[in-house]
Amino acid sequence: MQPEKRQKKSLKQRLVLKSSLAKETLSEFLGTFIMIVLGCGSVAQAVLSRGHFGGIVTMNVGFAMSVVMAIYATGGVSGGHINPAVSFAMCLFGRMKWFKLPFYVGAQFLGAFVGAATLFGIYYDGLMSFAGGKLLIVGENATAQIFATYPSPYLSLENAFADQNWKKLLVDTCSGPFGWRCHRRPCLCSYH
């Protein structure tokens, strides 16, 4: 009798993640990475071309499409939260277990950071030539708005708080834990 040979596992079989939490964490990392690279990339294209190859419409459509792509890429695995506020809301509504929250938030933070670093690397030459090698926050040659949003000088703290919370309320009522079902759209939210 010959001893049975052990079947060698293929590379794909060895690389498969077994833990569902690891899959969800990686999914949130990749989703946030996709959103930042594509969304902020559309902003970078418009800013660095001084409006010749994009403007306010291309930035808005580009960012919206990046969010849609990120949600569709990750929705089946982790729910496509791609935002710590959404993950927190899912925990509050009982749609996700609380112990997963730090993993989701950590993955989203790292995904955003790596996405911004990748975008900075892609557009490095453009950023350096845009303002003579200076990275500025304000003024005509400012490039900081590619990576972050800044309030206008006239905006008070109270008004900024109200503005952001009102927008978040409107967005979350349309796409939050209950919004998708209320409008008879397919549910993209995960029930963990």
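Just so we're clear, the structure is a prediction, and the values are computed from it rather than from any experiment.
When side chains are defined from C-beta on, H81 does not count as touching I71, because their heavy atoms never get closer than 4.5 Å. F29 places none of its side-chain heavy atoms less than 4.5 Å from the side chain of Y104.
Of all non-hydrogen atoms in G31 and A70, the two that sit nearest each other are O-CB, 3.2 Å. Shortest non-hydrogen contact noted between E24 and V77 is CG-O, 3.5 Å. The two residues V47 and F130 make their nearest non-hydrogen contact at O-CE1, 3.3 Å.
L38 belongs to a hydrophobic cluster whose other members, connected by ILVMFWY side-chain contacts under 4.5 Å either directly or through intermediates, are I34, M69. Other residues sharing a hydrophobic cluster with L157 under the 4.5 Å side-chain heavy-atom criterion for ILVMFWY residues do not exist; the residue is a singleton. Hydrophobic clustering, defined by side-chain heavy atoms of Ile, Leu, Val, Met, Phe, Trp and Tyr closer than 4.5 Å, leaves L136 isolated from every other such residue. Apart from F103 itself, the hydrophobic cluster it occupies contains L21, F99, where clustering links Ile, Leu, Val, Met, Phe, Trp and Tyr at side-chain heavy-atom distances under 4.5 Å.
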Review point. Do D163 and L155 pass the side chain to side chain contact (heavy atoms under 4.5 Å, CB included) test, and can you show the C-alpha distance, the side-chain angles, and the key distance before you say yes or no?
Key: CA-CA 10 Å; D163 172 68; L155 191 62; 5.6 Å; no
Pairs of donor and acceptor atoms involving the side chains of residues 108-126, under 3.5 Å and at least two apart or interchain, shall be tabulated with distances.
unit_1 : atom_1 : unit_2 : atom_2 : d
Q108   : NE2    : E28    : OE1    : 2.8
Q108   : NE2    : S87    : OG     : 3.0
T118   : OG1    : V114   : O      : 2.7
Y123   : OH     : Q45    : OE1    : 3.3

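Here the OH atom belonging to Y154 is positioned 9.0 Å from the CG atom belonging to N159, to the nearest 0.5 angstrom. Atoms OG and NZ, on S78 and K100 in that order, are 9.5 Å from each other to the nearest 0.5 Å. Atoms CZ and CD1, on F147 and I36 in that order, are 10.0 Å from each other to the nearest 0.5 Å. Taken to the nearest 0.5 Å, the CG atom of L30 stands 12.0 Å off from the CD1 atom of I82. Atom NZ in K18 sits 8.5 Å away from atom NZ in K23 (nearest 0.5 Å). In this structure, M59 CE and S42 OG are separated by 7.5 Å, a value rounded to the nearest 0.5 Å.
Shown here are the side-chain contact (heavy atoms from CB on, under 4.5 Å) partners of S129, two or more places apart in sequence or in another chain: there are none. In this structure A144 satisfies the side-chain contact (heavy atoms from CB on, under 4.5 Å) test together with I137, Y150, sequence neighbours excluded. By the side-chain contact (heavy atoms from CB on, under 4.5 Å) test, A22 pairs with L17, S19, sequence neighbours left out. Residues satisfying the side-chain contact (heavy atoms from CB on, under 4.5 Å) test with K9, not counting sequence neighbours, are Q13, R14.
Note: the hydrophobic cluster containing W98 also contains V105 (ILVMFWY, side chain heavy atoms under 4.5 Å, direct or indirect links). Tracing side-chain contacts under 4.5 Å through hydrophobic residues (I, L, V, M, F, W, Y), one never reaches L11 starting from V16; they form parts of separate clusters. Linking Ile, Leu, Val, Met, Phe, Trp and Tyr residues whenever their side-chain heavy atoms come within less than 4.5 Å places V57 and M65 in a single cluster.
Residue pairs meeting the side chain to side chain donor-acceptor pair (under 3.5 Å) criterion with at least one partner in residues 47-69, sequence neighbours excluded, are R50-N141.
In the displayed structure, F63 atom CZ is contacted under 6.0 Å by more than 12 heavy atoms of other residues, nucleotides or ligands.
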